[in-house]
Amino acid sequence: MNNNQELENLRHSAAHLLAQAVLELYPKTILTIGPVTKNGFFYDFLPKTNFKEEDLPKIEERMREIVKRNQPITQKEVRKEEAIKLFKDNPFKLELIAGIPDETVGISQQGDFFDLCRGGHVESTGKIKAFKLTGLSGAYWRADKENAALQRISGTAFKSEKDLLAYEQRIEDAKLYDHRRLGKQLDLFSFHEEGPGLPFFLPKGFIVYNELINYMRELLKKYDYQEISTPTILNEDLWKQSGHYYNYKENMYFTEPIEEKTFALKPMNCPGAILIYKERPRSYRELPVKLSEFGKVHRHELSGTLNGLFRVRAFTQDDAHIFCTKEQLEDQILELIQIIKTVIDKFGFDKIQVGLSTRPKKSMGTDEMWERGENALKHALETAKIEYTIFPGDGAFYGPKIDFLFVDSLDREWQCGTIQIDFNNPENFDINYINSEGKKERPIMIHRVIYGSLERFFGVLLEHYKGLLPFWLAPIQMRILTITDEQQAYGQKVLDLLKNLNIRAELEKTSNTISAKIKTAQLEKIPVMIVIGQKEQDQNTVTFRYNKGEQEFGIKLEDLPKKINELFKK
Ligand SMILES: [Zn+2]
Ligand SMILES: [Zn+2]
């Protein structure tokens, strides 16, 4: 049995344990379902009188009592009629039984408690040791508002107390390092009621934003990308041709007619890139054409769904559109996978999950096109030695795609990179190139993003690094702190040196004590402080004090460039 299966059995058993405890304390409660989730389990109940948050500790205590009883958990198949008798007072279970196509249904039992169940348990209640109830919320039977309103008790269970504590710590950290909170605390970005969901980047935040762009720009240079910039508003006819007008209108912003034409804010960058590709005839000799754009797009989202930088109404995509021949497709995909891997490594996301979405039922294009597309994606992933999961039928109607999910330091998954093959737009916009025989041919178009949304990626990084951005990305990289005012002139000399080295540095000029200065710099998440006292001044040296407290004494001024180079590599 693999680790995941074991954990699932444990959590599934914990859900039964919860139901048993609830029935012992509140015998008139009606049980519905209690599935396992990504981080734990829940059980939905129809109680006689509603549960309150204060009831949870009592329920948890009863669960612990049942654990002590160490009742064996058994599982058997019974005939449907028998099951119907067992659950005669529970309309929900009866509905579930009616929906089971088999002759028999599974019943689990521990002590007097029994439940409808397909199996997969730990041996006895005594095995469920590290668990916790995490919350109470509302739910509907079969998640349908027209149905009975239920109460959901959620919990989690782990194999050891240590795992449970680590999980709780991650939950605490996630609250503490919420990017919205860090954004305010570190003066990075803000939101105003004049533009809900439209982020404002403050000077420090805009440094980070630009550094992210600079890094990507440098990386793409190595792969012969050509950067473009296309307009934010374009006329309605273009969006009709691209299909966005018909399929995506509710999420788009339109203008009043201007000189009798209605314009729309671009929700995607693709049509702009296509217009540039089509400006002149393209020869097979210049393919692949790789047009990259840091393009700001606007997409309307409902107010209730907005969430800091994670869900906004305007964001910048690190977008690119690649036009290539059929023969070039696989190599292009492989190159994109390499770029994505480089970026994931750069930011220290070690785990990635990759999904390949294939042809849906409703789709355009020929079998041959789809086979070629899907095979190119598969082969490239295999060549890159990346494990992937296939999601059959999950592709867009116009082509298959690969999605990259990575896991951050708080064990959360984020979807960023996407490689999308597009058979539709080349047809739609009649895109061509002239092949070696002088004939017109359709190129294949690839849409791809690596960060995805720069805004969202920024938010993810803030939480991933818990606010302490790496040296190259930090808005203020170094702050010079003098022990007394006597060293200010020497401090200024060091500052000039750092500025010459292109370091974002500043000299603290207040007369606060050195410990207060250090404290402030730590809270502002400045990666390196340069501490200067009389001794440093006399010896023409500085002391490095890293944000987390580690120190390096006696660094000679002439060694600063070398030391700083090392910091950029961290
Ligand atoms: Zn069960
Ligand atoms: Zn696109």
Side-chain angles (χ1 to χ4, degrees), residues 5-20 31-36 41-43 66 71-78 83 86-87 93 96 100 105-111 113-125 127-128 157 225 228 230 234 238-239 241-244 247-248 266-278 289-297 299 315-324 332 336 396 398-399 401-403 417-426 428-429 431 443-453:
Q5 190 59 52
E6 258 180 61
L7 193 59
E8 235 176 68
N9 288 352
L10 178 72
R11 288 172 176 174
H12 170 81
S13 305
H16 284 311
L17 177 66
L18 165 62
Q20 183 181 6
L31 306 184
T32 74
I33 54 162
V36 169
F41 62 88
F42 65 78
Y43 213 113
I66 303 170
Q71 291 166 333
I73 305 174
T74 57
Q75 153 83 18
K76 62 178 178 194
E77 290 289 311
V78 303
L86 278 172
F87 292 103
K93 298 283 185 193
L96 293 172
I100 298 172
V105 300
I107 301 284
S108 78
Q109 180 134 23
Q110 53 205 57
F113 173 81
F114 59 88
D115 204 348
L116 192 64
C117 160
R118 281 195 217 104
H121 304 116
V122 294
E123 288 152 42
S124 65
T125 59
K127 298 275 180 209
I128 315 163
Y225 275 76
I228 56 171
T230 67
L234 290 162
L238 180 73
W239 302 110
Q241 191 180 359
S242 70
H244 289 102
N247 300 314
Y248 202 66
K266 64 173 170 182
M268 286 178 199
N269 302 303
C270 338
I274 292 172
L275 292 184
I276 289 184
Y277 179 89
K278 284 191 65 176
V289 170
K290 307 174 194 176
L291 300 177
S292 67
E293 176 171 18
F294 296 96
K296 178 157 281 180
V297 296
R299 296 179 188 175
F315 57 96
T316 305
Q317 287 182 306
D318 64 324
D319 212 348
H321 294 93
I322 296 164
F323 303 88
C324 66
Q332 287 308 305
L336 288 173
Y398 51 84
K401 64 166 178 175
I402 315 180
D403 288 312
T418 299
I419 303 173
Q420 169 79 58
I421 297 179
D422 183 350
F423 306 125
N424 186 45
N425 271 314
N428 215 358
F429 283 90
I431 307 175
I444 295 181
M445 184 173 178
I446 307 170
H447 310 253
R448 70 100 183 109
V449 288
I450 295 169
Y451 292 143
S453 146

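These values consider heavy atoms only, across backbone and side chains, with no hydrogens, waters or symmetry-generated copies. In each ligand, atom 1 is the first atom listed, and ligand 1 is the first ligand listed.
In K296, the NZ atom is crowded: over 12 heavy atoms of neighbouring residues, nucleotides or ligands sit closer than 6.0 Å. Around CD of E77, the count of heavy atoms belonging to other residues, nucleotides or ligands within 6.0 Å exceeds 12. Counted within 6.0 Å of NZ on K278, heavy atoms from surrounding residues, nucleotides or ligands total more than 12; the atom is thus considered enclosed.
In this structure, F114 and F87 have perpendicular ring planes: the angle between them is above 60°, well past the 30° mark.
Exactly one of V289, L291, I446 qualifies for a side-chain contact (heavy atoms from CB on, under 4.5 Å) with I322. That residue is I446.
Considering CE of M268 and CD of Q317, their distance stands at 7.5 Å, rounded to 0.5 Å.
Rounded to 10°, the angle formed at the Zn ion (ligand 2) by NE2 of H321 and SG of C270 is 110°.
Between A83 and V105, the shortest heavy-atom contact is CB-CG2, 3.3 Å.
Within H447, the N, O or S atom lying nearest to the Zn ion (ligand 2) carries the name ND1.
Protein atoms of type N, O or S found under 2.8 Å from the Zn ion (ligand 1) total 4.
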